[in-house]
Amino acid sequence: LTYESNMVVRTEYYVAGTLGGAYRILDMLSASAGFRYIYYMGQQTIDMTGVKADFTTTLDMSQTLYDEFDNDWHIDTTYKGMSYGIILGTDFRPLNSLNIGLRYEYYLPAELKKKTNRFEVNPLLEQTGALDIFKDGSANSEFNDGEGYAHGNGSSTLKVTYPQSISLGVSYQLLKDLRVEAGGDIYFKSKVDLDGAENDFNTAYRVGGCVEYSVNDNMVASIGYSYNNTGIKNECRNEIDPLLLNHSIGTGVGIAVNDRLTVNMGLMYIYYVTAKVDSTADATATIQDVTLAGDVTTVSTSYITKELAETTFMVSFGATYRLGGSDSSDESDKEE
C-alpha cells in the first residue's frame, strides 16, 4: 500500500466559563467553590490521494485489492457537546510568610455527539476496526459496494470527560526579596469512563517549583522547573497525541514601568523524552485468484516501530495598564 500525498487536520475548540466565589472562614483560612460550563466542538478530516493497493502473488499474478473501489481516503467527522465541572479549594496561611493552597476538580461526563459527513477508505483497512472512531453509529449502505461496514457502525458518541484532579501549592517568603514556591497536580486519568480509552493510562502527575526575586521596587525576576508525567502507557502513544514525558524550565521578569503600566516577559523551553513504540498490524483479505479458480484468503502482519519526539520553545509578553483610580503618588492612595 503506497500513497502520494496526504493531509490530516484536527480542529478543536473547548470553550469554558467559570463562576465562583471565596469565603474567609478565619483570618488564616478561606474556602472557595466554582461551577464550570464547557462547550466542545471539533472536526477531524483525513484526505489521502493517489493511494495504490496492489501486490503480486507467488504465482507471479498481479492482484489489485477491491479493484471496484476508490482507494483514496476521504474522512470527515464532526463532534460537539457540553459538560459541567465543580471546583473546590482552600487557602491556608498559618504564617504571614507561608501560604498553602489546595484545589479539587470534578467533571461530569462529557459525551459529544458525532456526525460522519464522509467516510471513504479501502474496505480492507475499514475491517481492521482502527477507523471506528470516525463512525457515528449509523449504517452506511453506500460503503463497500452496498454491503456496509464490515467492522460495525461505531458509536454515536465520543467521550472526552476530564479526569478528577487534586492540586497542592506552597509559597514561602524566605527573605524580604526572595520567595520560593512548590506545587503539584495529580490526574486520575484511569478512573474516568472513556469507552475503554482510560485503560491506556495510569495516574498522571506534575511537580515543580520556582524562585522569585525582587530586584528592586519596580522589577521582579523568576525561574522555575516542572516535570510532567502524562500517565499514558508507552505502547498506547501515537503520532497525533504522543503525550511524551517532559521537563519544562522557564524564566520571566515583571517590570512596573510607572504607577499605571506593568510589563511581563517570559521564556520557556520544554524537553520531551523521546519514546520508542513497537506495534503490529494484522489484516486479512479474500481475493479471487483465477489461476486457482477460487477465492484465496491472505493474512498479513506488519511490524511497525515508531520513534516519537517533540520540542517546544515559548516566548510570552504581556502588559497591564490601569485606566482609573488615583496615582499611587497621592497620599490617600498610599495610606490605602
Side-chain angles (χ1 to χ4, degrees), residues 8-14 16 36 38 40 42 44 46 83 85 87 89 100-107 110 112 130 133 158-171 180-212 222-252 265-281 302-316:
V8 180
V9 179
R10 182 175 66 182
T11 304
E12 290 181 332
Y13 296 95
Y14 291 3
R36 177 171 292 169
I38 310 173
Y40 309 80
Q44 175 77 62
I46 302 176
S83 71
I87 306 170
I100 302 171
L102 179 67
R103 185 181 74 247
Y104 169 75
E105 297 188 21
Y106 174 80
Y107 292 91
L112 311 188
I133 192 172
L158 174 66
K159 295 181 179 179
V160 297
T161 308
Y162 284 117
Q164 299 180 59
S165 66
I166 298 176
S167 302
L168 175 67
V170 179
S171 173
V180 295
E181 290 186 352
D185 310 280
I186 299 177
Y187 303 93
F188 302 97
K189 292 187 174 183
S190 61
K191 307 299 182 182
V192 61
D193 181 14
L194 297 175
D195 278 340
E198 67 274 11
N199 297 324
D200 296 344
F201 291 89
N202 297 311
T203 300
Y205 64 92
R206 182 197 65 84
V207 293
C210 75
V211 177
E212 182 183 87
S222 64
I223 185 171
Y225 163 83
S226 71
Y227 171 73
N228 185 15
N229 185 321
T230 57
I232 192 171
K233 299 176 182 178
N234 189 66
E235 64 272 17
C236 299
R237 302 182 195 275
N238 57 55
E239 297 88 338
I240 297 178
D241 288 315
L243 298 176
L244 300 173
L245 307 179
N246 59 81
H247 304 264
S248 301
I249 184 168
T251 184
M265 296 170 286
L267 298 174
M268 183 171 70
Y269 172 74
I270 305 177
Y271 167 75
Y272 293 88
V273 180
T274 301
K276 183 178 179 182
V277 182
D278 296 319
S279 62
T280 60
S302 299
Y303 297 90
I304 305 168
T305 297
K306 304 174 186 177
E307 189 171 282
L308 304 175
E310 204 173 342
T311 299
T312 298
F313 183 77
M314 300 176 65
V315 179
S316 62

Check whether any side-chain heavy atom of V160 sits under 4.5 Å from a side-chain heavy atom of Y14, and report yes or no.
yes

Side chains of E12 and Y40: do they bring a donor and an acceptor to under 3.5 Å?
no

Work out which heavy atom in Y187 is nearest to a heavy atom in S165; give both atom names and the distance.
CD2-CB, 3.6 Å

CD (E310) and CD1 (I270) are apart, to the nearest 0.5 Å, by 8.5 Å

Enumerate, atom names and distances included, each donor-acceptor pair closer than 3.5 Å involving a side-chain atom of residues 200-207, sequence neighbours excluded.
| unit_1 | atom_1 | unit_2 | atom_2 | d |
| --- | --- | --- | --- | --- |
| R206 | NE | D185 | OD2 | 2.6 |
| R206 | NH2 | D185 | OD2 | 2.6 |

CG/L168: more than 12 non-hydrogen atoms of other groups inside 6.0 Å
yes

Side chains of residues 222-230: which donor-acceptor partners sit under 3.5 Å, not counting sequence neighbours?
| unit_1 | atom_1 | unit_2 | atom_2 | d |
| --- | --- | --- | --- | --- |
| Y225 | OH | H247 | ND1 | 2.7 |
| N229 | OD1 | G231 | N | 2.9 |
| T230 | OG1 | L243 | O | 2.5 |

Report yes or no: does T161 contribute a side-chain atom to a donor-acceptor pair with the main-chain N or O of A110 at less than 3.5 Å?
yes

Which heavy-atom pair separates A275 from N234 by the least distance, and what is that distance?
CB-OD1, 3.6 Å

Indicate yes or no: at least one non-hydrogen side-chain atom of E212 is less than 4.5 angstrom from one of E181.
no

For residues Q164 and V192, determine if any side-chain heavy atom of one lies less than 4.5 Å from a side-chain heavy atom of the other.
no

Please report the closest heavy-atom contact between V180 and V211, naming both atoms and the distance.
CG1-CG2, 4.1 Å

For E198, enumerate each residue passing the salt bridge (Lys or Arg N to Asp or Glu O under 4.0 Å) test, keeping only those at least two apart in sequence or located in another chain.
none

Residues, nucleotides or ligands: over 12 heavy atoms within 6.0 Å of K233 NZ
yes

Scanning both residues in full, the closest heavy-atom pair of V277 with R237 reads CG2-CB, 4.1 Å

Go through F188 and I166 one step at a time and tell me if the side-chain contact (heavy atoms from CB on, under 4.5 Å) criterion holds.
CA-CA 9 Å; F188 302 97; I166 298 176; 4.1 Å; yes

Please determine which of L245, T312, L308 meets the side-chain contact (heavy atoms from CB on, under 4.5 Å) test together with Y272.
T312

Give a yes or no on this: more than 12 heavy atoms of other residues, nucleotides or ligands lie within 6.0 Å of atom CZ of F313.
yes

Flag yes if more than 12 heavy atoms outside M314 fall under 6.0 Å of its CE atom; otherwise flag no.
no

Side chain of Q44, backbone of V9: donor and acceptor closer than 3.5 Å?
yes

So which heavy atom on I232 is nearest to which on C236, and how close?
CD1-O, 3.6 Å

Here the gap from D278 atom CG to I304 atom CD1, rounded to the nearest 0.5 Å, amounts to 10.0 Å

I need the L267 CG to S316 OG distance, nearest 0.5 Å.
7.0 Å

Nearest 0.5 Å, what's the OG-CD distance between S167 and E105?
6.5 Å

